[in-house]
Amino acid sequence: MSVRSELALISEWIRPGTRVLDLGCGEGLLLRYLRDTRGVIGYGLEIDPDNIRGCVEKGIPVIQTNLDEGLKDFDPDSFDYVVMTQTLQAVRYPEHLLAEILRVGREGIVTFSNMGHWRCRMELALRGRMPVSGDAGLDWYNSPNIHLCTVRDFERLCTNAGIDILERTFIDDGHRRRTAASLLPNLLGEVALYRFKQAAGADS
Amino acid sequence: MPEQFPADCVGLVTPQRMTFEQPLELDCGRTLPSYELVYETYGELNADASNAILVCHALSGDHHAAGYHAADERKPGWWDACIGPGKPLDTNRFFVVCSNNLGGCRGSSGPVSTNPETGTPYGADFPMVTVPDWVRSQARLAEGLGITQWAAVVGGSLGGMQALQWAIDFPERVRHAVVIAAAPKLSAQNIAFNEVARQAILQDPEFYEGRYAEYGVVPRRGLSLARMLGHITYLSEDAMRAKFGRELREGKINFNYDVEFEVESYLRYQAENFVNHFDANTYLLMTRALDYFDPASTHDDNLAAALKHVTASFLVLSFTSDWRFPSNRSREIVRALQDGNKRVTYSEIEAPQGHDSFLMPIPIYRDLLRAYMARVAGEVSA
């Protein structure tokens, strides 16, 4: 998957000069990109010490946090956007965390590897193997990914949780945003990107 | 002979002294008509004086943070693990300053120094000092050294609290604050430990209400008990188990109250050592300064409000096994900074050594500190 195209697509959704919280920020690549291209300020939350050092080396403020404990140290509506790239599948309570994202942020942005992608389906249908998208060299038993989902699964969760999807886009296996992927996202989208907010009147 | 020191050691260092003739008003209401600070420096101050780092020491620390006073000195300064050429506080790039706090007993004005008004040691007459008093006293040291802004103020434990106070009291003079193994204020449990330590000293028959020097004695028993108690809180249970377990000194029990277990031997050794170089009145003063530290108290107990005018960027670090100032205390600082949209980075370092971890050469801790300080050096073009 192309990290750069994902960063660029997220960046298009973010207004300049806003405040962003990045959950599971890794080495701070997204926040650096947003800082440099959008003048965004914010924090990354990360659990891995090597990644934290990576953020520090880039001058990205990062706060060591276990996302499974929620975002209790953050006040409601304290960020314009709460972003979570390729992390939803690794948290213990995705539904709760989505609610937390929309408590702390006015809008949420989430990206994940779509398990409905045709290659994942082939993996299961033809080889009878569990797909382990996104984890080079990892197997089902040692992958941090415990809540893999498809495009359809995610949208169903949003409906049930009273979340309005504002925008969505998909990256196909050519690492580009393609019309085809938009027409059949659950089959052709390798990475799904969503921007969403709490539905009016909905109370998470 | 500097040849015998490792390449990443600052080598031989000589303490320096600065006298301040302008009276210093203290939080307790008293005024010091003049005072002295003893300090050490490592590295070179650059042309625009932008590469200076202030290191603040902990309860029983002093100005001797790195290097050796003599070629045959047994141990280097207390933070030699992190200060030196190529170390996290890289003396090839930074000018590092460390001073003995006011009220200390290692050369700065304090209970063992001479009261210029009487010609005798202050003893119990030395006024109570607070963390903000220390910051004010050090601000004049900065002025004396020609430093208008610290590239960073750095400290562990009580020193971390001092770094926090610096950022609050002199926002324009602190570019970065590095607050390690600290807390925004002491808990009731912390104060309780301090109180037991103080009572041990106060109830020693040789304390004489702090005037022991006039009687030619030292409240050794009280001070050593205080130190033993302190030491227990500096180590984690795991660290103690790993270091001593239940090892018996003589391999068998002797049915008496002499030293039987190795841990007893260790505590007595530490206490003995401490009593020989530390002053009981200073110990009382320092623990009280800790107890009183509470920058939020003047802002309706709202730490974020106390930090409102802070402009420094923060690095806050804690250690998993530190039960004296556990990680959630550091998180209180982080949360208050984050509430005010301040720049803050926080990491909880996995380390078994307890509160004392901040003094130790733990690789992930040193690497993170090194990475942060390298950014600071880049900013001030050190």
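Throughout, protein chains are lettered first and strands after them, A, B, ... in sequence-line order, and every chain is numbered starting at 1. We use all heavy atoms of the structure for the numbers below, so side chains are in, but hydrogens, waters and symmetry mates are not.
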Quiz item: Around atom CD of Glu167(A), are there more than 12 heavy atoms of other residues, nucleotides or ligands at under 6.0 Å?
Solution: yes

Exercise. Among the options Gln338(B), Arg343(B), Glu348(B), pick out the one with the most heavy-atom pairs lying under 4.5 Å from chain A.
Key: Gln338(B)

Exercise. Can you establish whether the number of heavy atoms outside Asp300(B) located under 6.0 Å from its atom CG is more than 12?
Key: no

Quiz item: Val344(B), Ile364(B), Leu315(B): which one forms the most heavy-atom pairs within less than 4.5 Å of chain A?
Solution: Val344(B)

Quiz item: When you look at CE of Met360(B), are more than 12 heavy atoms from neighbouring residues, nucleotides or ligands closer to it than 6.0 Å?
Solution: yes

Practice problem: Might you point out which heavy atoms bring Thr65(A) and Arg331(B) nearest each other, and give the distance in Å? | Solution: CA-NH2, 4.4 Å

Practice problem: Identify the heavy atoms of Asp339(B) and Asp73(A) that sit nearest to each other, and give their distance. | Solution: OD1-O, 4.4 Å

Quiz prompt | Contact origin within Ile60(A) toward chain B - heavy atom pairs under 4.5 Å | solution = backbone

Quiz prompt | Proximity breakdown for Leu337(B) and chain A, heavy-atom pairs closer than 4.5 Å | solution = backbone

Practice problem: Identify the heavy atoms of Ala371(B) and Arg53(A) that sit nearest to each other, and give their distance. | Solution: CB-CG, 3.8 Å

Quiz item: For atom NE2 of His309(B), is the number of surrounding heavy atoms from other residues, nucleotides or ligands below 6.0 Å larger than 12?
Solution: no

Quiz item: Of all heavy-atom pairs between Ser347(B) and Ile52(A), which one has the smallest distance, and what is that distance?
Solution: OG-CD1, 4.0 Å

Practice problem: To the nearest 0.5 Å, tell me how far Ile349(B) CD1 sits from Gln64(A) CD. | Solution: 7.0 Å

Quiz item: Can you name the closest pair of heavy atoms from Lys72(A) and Arg335(B) and give their distance?
Solution: O-NH1, 3.2 Å

